[in-house]
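A short worksheet on the structure shown next.
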Amino acid sequence: MRAVCIFLGHCLIASWCVATNPPNIFLITIDTLRADHVHCYGYNQIQTPALDDLAKGGIRFAQAFTPSPLTNSSHTSILTGLLPSTHGVTDFGIPLDDSHATLAELLKAKGYHTAAFIGAIILDSKTLAPGLDRGFDFYDNFPVNVQTKAHWDRLERRGEVVVKHAEAWLTAHPVGPRFVWVHLYDPHDPYEPPAPYSQTYKDRLYDGEIAYADSALATFITYLKTHGWYDNSLVIVVGDHGEGLGEHNEDTHGIFLYDSTIHVPLILKLPAGKNAGKVIDAQVGTLDIMSTALEFADIHKPEAVQGMSLVPVFEKPQKINRPEVGETDYPLRFGWAPLRSVRAEGNKFIEAPRPELYDLQSDSTEQKNLYEPTSELVATSRKLLADIFPQAQANQPPGPLPDPKDKIEEQNLLHRALIATQDNRFTDAHRALEQVLQLNPKSSLALRQLGEVELQTKDYSSAASHLKQGREISPDDPAIAFLLGQTLQKMNDLEGARTVLEECLKTNPNEPTARLLLGSVYLELKNPTAAADQFEAVLLVQPANVEGQLGLAKAQIAQSNFAEAARGLGDLSKSERDNAAVFDLLAQAYRGLGKGPEAQRAEARAKLLRGK
Ligand SMILES: [Zn+2]
């Protein structure tokens, strides 16, 4: 009897529960998708037929909000049902802690086959999104050594490529139930839609990228329908965040918490097309996706999950007015204050050094700041934020930080410079960074990026001068020290490079790249003993590090320790069969040992590999 009660208590709609098999679940996240740039959300200047069709056959949430305007944080919230400050992934590269259950993990435990197909390296679990692959049988990371300067396939995949990978996996895994996450990155900047979208939308390239992503979605939906996997599946389509497009002076996203970047489309297509065509106006969050999907799979949601199931929201439409909170720590990366926001009862409050309050009924674009320190609404909002983010005060670094509102132009320029650098448009990057320095001569980020650009364009003396300035402002930034070390090595100032790298490693002993560079500087300084120490220190932490093993072999050869070098290189040549440098060094070691024929064989192998 008890089991039955739990059963009914858990599932609001018994008809799903009695269904013999849990449904396939397809989660499609479209990056950087503003709700008000989608046709079925009322934007008439774009064609998004796939999204429109899904809305017709499903439930469209007109008021859905992400708790974070940053790709990694917001995706982690979708996949855990937790706020960024709870799951901890508040910037790129921060690992998702094992203690937080993921949707994929829970579905897998229930017998689901699980796979994820990502469109950008920022969600790669080997580098910038560690832990996000937890629970996935297959996670489509980017290849490690891609020899291309173009950003396609190295940093980003077109929507059609992502969809093709997902289809191949589904074809190879035809037995359900399956949970597949497809990430379409295209609308993220730079805006470069392929033809014909580049032409149709030539004056609105962001819209062109959305229209293109919609076509990739159409391809995927058609594939599902063709295989008979559409009707009985749960399909969830959601934007991870929006895009500033210059509103509030924000070009892209991540810094602010205005609706331009936190209001996203959310569409659910239910098994058997239930509730088709429904539009829900109640305010909901992308945080609620996890609990909703778990309910369809008949899995109890973990107690820690902060989002709620959307089933009651669309099954028994009632006056639900749940506050939606937003948070961003991204400004901290630039030395500016983090922001927190709450959207409730038609108002939005943003906690900042200069706080903001907007009446969204009369001012939907958040232009007229009504903040008064004594306002009752402000007090209620602050109480709400304090309940949800009890750690917020404790997490803030001491001292007053600048308000991001006063700094946004710097961030726009730094971002433009970053995109230009990735595209090898160094003159554009240089110009943008000089502009940042005009706004803020003490921007160590601009000095660092400028030094990096000048290092790449071989303007070593300018690079050294900017990096030295940056180092005075941020003496503990290992990236500046590393770049300066590289620059000085190029300028043949080996003693200078050694000093900078030694200092850097004193404060950041776990920087293997700096240590490898220091090892190579010591080799050039004809000090193989000191070089060997550095390479061995790297290998102690990362025994498989190839550069470390090669460096150590060079140091051993320089010390005439040919036997040790040959032994290490012999082992390395088994895993690095196509690495010419390994065989070059192996030849040197064999020569040192007087093993002529072996040396010749290694030389021949190196030559063959180089000829490839
Ligand atoms: Zn994103």
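Computation of the quantities below employed the complete heavy-atom set of this structure, encompassing side-chain atoms and omitting hydrogens, waters and symmetry-equivalent molecules. Numbering of ligands and ligand atoms starts at 1, following listing order.
- The atom name of the N/O/S atom in Asp240 closest to the Zn ion (ligand 1) is OD2.
- If you take OG1 on Thr286 and CG on Leu79, they are separated by 10.0 Å, rounding to the nearest 0.5 Å.
- Comment: Glu105 engages Arg134 in a salt bridge, judged by a side-chain N to carboxylate O separation of less than 4.0 angstrom.
- Taking the N/O/S atoms of Asp31 in turn, the shortest distance to the Zn ion (ligand 1) belongs to OD1.
- Side-chain N or O atoms of Asp52 include one that pairs as donor or acceptor with a backbone N or O of Cys40 at under 3.5 Å.
- The NE2 atom of His241, the Zn ion (ligand 1) and the OG1 atom of Thr71 define an angle of 100° (nearest 10 degrees).
- Judged by the 6.0 Å distance and 45° axis criteria, Arg158 is positioned over the aromatic ring of Tyr212.
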